[in-house]
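Structure, as structure tokens:
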Amino acid sequence: MQPGVPVRVDAGNVPVHRLLCPNPGMMTGPGTNSYLIGEHRLALVDPGPVSEAHGEAILDALRGRALDWILVTHTHGDHSPGTAALRLATDATVVGLAAPEGSHQDETFCPDRLFHDGERLDCGEFTVTLLHTPGHVSNHLCFLLEEEAMLFTGDHVLQGTTPVILPPDGSMADYLQSLQRLQGQSLRSLAPGHGTLIENPGEALSALIRHRLQREQKVVRMLRQQRMAITLEDLALAVYDDVPAHLLALAQKTLLAHLYKLEAEGRATRADDRWLPANE
């Protein structure tokens, strides 16, 4: 995966090219993927961060063709801030959901209007359906390229790893429900915001759900094994004993999402900043 070089990732009638942003890191893996859809009238999924090099790579990939749509999965800093410059350069219509108030996400992102779950965009050469998939964050969208049954998943489904769930805006309950909803779609491939194309959507979705539920059961088991209420930090050490130490701070965020879900279900409770199983 080489930054700035358009690579065709589909084998269908509607061309889809991936452009990798030069922003590798712990949270972004090899970098953020931008996807260019179409032959003559184009749409782009996730412009990425503010990056002059990546912005130029996108404009070069257009080769003078019109960019009609900018589709943004969510407003984290590695996905949406590049929108403003690209919109200025192309006058494309911006599709997405604004950053939740107080979420410390990209407040510069401004969609052209209010978009809705299930809305279908007629892009001339192809059709894109918007699917609201809260969980990682509350304003997350996936975009379904109907003709190819290809789903652009942003950070909802990643290749080779699981996304962090970020409460209070993110929700584990919402995340699992969103995954289950996607299982009801007829999909041939998943195009994630980081990593390579996933060509076994059913298996990938089932594996994600199974992983989350197994982790949830481990949370419940570890809570029950404690003789007293336990802090989030100490519980993370027990529940994520298979995770490298440098990732524990992120694991704590997802653990908190698990605990909020269990609390809402009456299966866990808290006393001040400590957690224990409900009714024990």
Side-chain angles (χ1 to χ4, degrees), residues 10 16 33 35 37 43 45-46 69 71-76 79-80 95-100 103 105 111 114-123 126-195 197-217 253-254 256-265 267:
D10 70 294
V16 178
N33 292 328
Y35 293 97
I37 308 169
V45 179
D46 282 353
W69 302 89
L71 313 176
V72 175
T73 60
H74 65 298
T75 48
H76 276 159
H79 288 262
S80 65
V95 180
L97 300 177
S103 64
Q105 296 181 36
L114 182 63
F115 291 88
H116 301 283
D117 177 49
E119 188 166 344
R120 300 174 75 230
L121 304 178
D122 181 357
C123 302
F126 53 90
T127 302
V128 172
T129 298
L130 282 60
L131 298 175
H132 184 211
T133 51
H136 175 61
V137 285
S138 64
N139 66 334
H140 198 288
L141 292 171
C142 290
F143 297 100
L144 175 62
L145 176 58
E146 293 187 5
E147 288 78 2
E148 305 302 333
M150 178 183 287
L151 188 73
F152 299 90
T153 63
D155 281 356
H156 188 62
V157 180
L158 300 172
Q159 183 265 328
T161 188
T162 54
V164 178
I165 309 300
L166 299 165
D169 182 60
S171 162
M172 185 61 70
D174 287 349
Y175 183 67
L176 287 167
Q177 288 172 7
S178 296
L179 289 174
Q180 289 162 354
R181 179 190 182 191
L182 293 185
Q183 286 184 307
Q185 302 287 325
S186 296
L187 303 173
R188 289 202 295 265
S189 62
L190 307 175
H194 308 278
L197 204 69
I198 300 168
E199 297 185 291
N200 53 343
E203 291 177 27
L205 293 169
S206 294
L208 265 177
I209 293 170
R210 184 167 58 251
H211 171 78
R212 292 300 192 191
L213 292 178
Q214 287 173 345
R215 189 72 73 179
E216 178 181 283
Q217 287 305 308
K253 296 181 186 297
T254 297
L256 192 57
H258 276 296
L259 289 166
Y260 285 160
K261 176 178 179 290
L262 291 169
E263 184 181 42
E265 295 169 350
R267 301 165 63 197

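Using a cut-off of 4.0 Å between Lys/Arg side-chain N and Asp/Glu carboxylate O, Arg120 and Glu146 are scored as salt-bridged. Salt bridge present: Asp117 and Arg181 bring a charged side-chain N and a carboxylate O closer than 4.0 Å. A salt bridge links Arg267 with Glu216: at least one charged nitrogen is closer than 4.0 Å to a carboxylate oxygen.
Here the shortest heavy-atom pairing between Val95 and Leu121 reads CG2-CD1, 3.9 Å. The two residues Ser186 and Ala149 have their closest heavy-atom pair at O-CB, 3.5 Å. Heavy-atom minimum distance, Gly193 versus Leu158: N-CD2, 4.4 Å. When all heavy atoms of Gln105 and Pro100 are compared, the closest pair comes out as NE2-CD, 3.8 Å. When all heavy atoms of Ser178 and Pro134 are compared, the closest pair comes out as OG-O, 2.8 Å. The nearest pair of heavy atoms linking Asn139 to Leu97 is ND2-O, 3.2 Å.
Tyr35 contributes a side-chain N or O that, together with a main-chain N or O of Pro192, makes up a donor-acceptor pair within less than 3.5 Å. Counting only distance, with no hydrogens or angles, the side chain of Ser138 and the backbone of Gly170 share no donor-acceptor pair below 3.5 Å. Between the side chain of His140 and the backbone N or O of Asp155, at least one donor-acceptor pair lies under 3.5 Å. Between the side chain of Asn33 and the main chain of Ala191, no donor-acceptor pair closer than 3.5 Å is present.
Atom CD of Gln159 sits about 11.0 Å away from atom CD of Glu199, to the nearest 0.5 Å. For the atom pair Cys123 SG and Ile37 CD1, the distance stands at 7.5 Å (nearest 0.5 Å). Arg188 contributes atom CZ, which lies 9.0 Å from atom CG of Leu145 (distance to the nearest 0.5 angstrom). Separating the CD atom in Glu148 from the CG atom in Leu187 is a distance of 12.5 Å, to the nearest 0.5 Å. Atom OG1 in Thr133 sits 10.5 Å away from atom CG in Asp174 (nearest 0.5 Å).
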Open item on the list: Applying side-chain contact (heavy atoms from CB on, under 4.5 Å) to Gln185 and Leu151, what does each step give before you reach the verdict?
Closed with: CA-CA 10 Å; Gln185 302 287 325; Leu151 188 73; over 6 Å; no

- [ ] Let me see the working for Ser206 and Gln183 under side-chain contact (heavy atoms from CB on, under 4.5 Å), right down to the final yes or no.
- [x] CA-CA 8 Å; Ser206 294; Gln183 286 184 307; 3.2 Å; yes

Task: Test side-chain contact (heavy atoms from CB on, under 4.5 Å) applied to Gln180 and Ile209, step by step - done: CA-CA 8 Å; Gln180 289 162 354; Ile209 293 170; 3.8 Å; yes

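The shortest distance between side-chain heavy atoms of Val157 and Leu205 falls below 4.5 Å. Looking at heavy atoms from C-beta onward, Leu208 lies out of side-chain contact with Leu176 at the 4.5 angstrom threshold. Between Asp46 and Leu71, every side-chain heavy-atom pair lies at or beyond the 4.5 Å cut-off. Leu197 has its side chain out of reach of Leu190: every pair of non-hydrogen atoms, C-beta onward, lies at least 4.5 Å apart. Side-chain atoms of Ser189 and Phe152, non-hydrogen and from C-beta on, never get closer than 4.5 Å to each other. You'll find the side chain of Ser171 stays beyond 4.5 Å of the side chain of Lys261, heavy atoms only. Looking at Glu147 and Thr127, their side chains come closer than 4.5 Å, going by heavy atoms from C-beta outward. Between Thr153 and Thr73 there is no side-chain heavy-atom pair separated by less than 4.5 Å.
Side-chain contact, Thr129 with Glu119: no donor N or O sits under 3.5 Å from an acceptor N or O.
Classified by interplanar angle (parallel below 30°, tilted 30° to 60°, perpendicular above 60°), the ring pair His79/His194 is perpendicular.
Across His156, His258, His136, His211, a single residue satisfies ring pair (Phe, Tyr, Trp, His ring centres under 6.0 Å) together with Tyr175, and that is His156.
For the salt bridge (charged side-chain N to carboxylate O under 4.0 Å, His left out) test, residues two or more places apart in sequence or in another chain that qualify with Arg215 are Asp242.
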